[in-house]
Amino acid sequence: MPELPEVETVKRGLNRLAQGICVKDVTVTWPAIVQISDELTDFRQAMRGQTLQDVERRGKFLIFNWSDVIWVSHLRMEGKYLLPEHKEVVDKYTHVILELEDGRDLRYRDVRKFGRIKCYPKQQKEAAINALHLGPEPQEVTGEELFNAFQRTKRAIKPCLLDQHIIAGIGNIYADEILWESQIHPETLAANLSEAQCVQLAAAMATIIKRAIEKGGTTVRTYTNALGENGHYQDELKVYGREGLPCARCHNTIEKIKVAQRGTHFCPYCQRIGE
DNA sequence: CTCAGAACCTGGAGGC
DNA sequence: TGCCTCCAGGTTCTGA
């Protein structure tokens with residue numbers, strides 16, 4: 001679930017369903033998921049009595065604004081927030097449970113246990129977000145900013161799109177989709193892209209990310225989305241998961257290769273190195 | 001400093 | 001059915 005459009009969808013769901021929830025008690029069953037900043041002594045103690053004001057997003061991070069603390073939360077591969085309507089049995093993949101004053105629970109569920117929730121005092125908010133060293137959002141970055149950032153690296157364009165210090169929020173699915181839209185081969189050296197190609201890339205990022213947010217993100221495989229919301233952008237994917245199928249633009253066959261250890265889908269005819 | 005590769009975890013899919 | 005290998009929407013650590 002977790003690239004920018006999916007995280008944005010989770011954020012909107014939490015703001016719709018969880019604003020004003022008040023925490024009575026906390027249970028953590030996999031301690032590595034929860035971290036606290038040096039100023040705090042105990043997560044459970046810090047969270048008791050906290051009311052959720054709202055949730056923001058920066059890149060793929062969720063920022064929870066509680067009354068006295070903030071959370072910087074990353075879902076990584078499979079993290080989900082759930083707010084079950086009825087008291088459901090807690091399964092073995094649920095690692096954090098906030099027992100609420102209204103009788104419900106806010107649960108964090110994560111099969112692979114990769115996700116993280118870091119808790120800070122509220123006054124540390126700006127410093128905590130700055131310490132993430134995130135690049136600009138893909139809907140806001142300019143071609144010129146991309147061009148300048150790419151001059152400083154010897155890497156291929158694909159790993160640059162995944163580097164959160166350069167642009168914050170793009171993951172493996174949208175990187176492939178953006179490169180297809182821009183007709184750029186994923187192994188092209190980023191430093192070799194022209195300024196015009198960087199402008200094209202910035203435009204493709206804005207269009208694709210905006211559209212994916214409108215569609216509620218992308219749901220692939222059998223993951224069920226948090227808060228009952230499934231994405232629909234999977235119906236509009238042009239290359240991701242489409243190896244062996246015809247390219248929507250030129251009808252040649254989509255290929256899958258490895259670039260910087262990540263599965264990478266592209267059209268070898270309309271995405272060529274040096275074009 | 002930069003970059004490639006491993007590590008962190010678990011489950012599903014496919015080969016034998 | 002069982003066992004093995006590989007793969008997965010991400011980040012962070014290690015070491016060259």
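To find a chain, count down the sequence lines: A is the first, B the second, and so on, and within it residues start at 1.
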Please determine whether side-chain hydrogen bond (donor to acceptor under 3.5 Å, both in side chains) holds for the pair N15(A) and D54(A), giving the CA-CA distance in whole Å, both sets of side-chain angles, and the decisive distance to 0.1 Å. CA-CA 6 Å; N15(A) 279 327; D54(A) 61 7; 6.0 Å; no
Rounded to whole Å, CZ of F61(A) lies from P of dG10(C) at a distance of 12 Å
Rounded to whole Å, the NZ-P distance (K258(A) to dC6(C)) equals 11 Å
Ring pair (Phe, Tyr, Trp, His ring centres under 6.0 Å) with W66(A): of F43(A), W71(A), Y120(A), only one passes, and it is W71(A)
Under a 4.0 Å heavy-atom cutoff, the residues of residues 155-175 of chain A touching DNA chain B are R155(A)
Q. In this structure, are over 12 heavy atoms from other groups packed under 6.0 Å from E126(A) atom CD?
A. no
To the nearest angstrom, the CG-C1' distance between L189(A) and dC3(B) comes to 13 Å
Regarding the side chain of H74(A), the nearest nucleotide among dA8(C), dT11(C), dG9(C) is dT11(C)
* Any link between Y174(A) and F150(A) through a network of hydrophobic side chains (Ile, Leu, Val, Met, Phe, Trp, Tyr) touching at under 4.5 Å? -> yes
Rounded to whole Å, the CZ-P distance (R262(A) to dA4(B)) equals 14 Å
Charged N-O contact under 4.0 Å between K80(A) and D110(A): no
Per-nt protein contacts along nucleotides 6-11 of chain B (heavy atom under 4.0 Å; B base, S backbone sugar-phosphate only, - none) come out as --BBBS
To the nearest angstrom, the CG-C1' distance between D110(A) and dG10(C) comes to 11 Å
From CD of E243(A) across to C1' of dA13(B) the rounded distance in Å is 14 Å
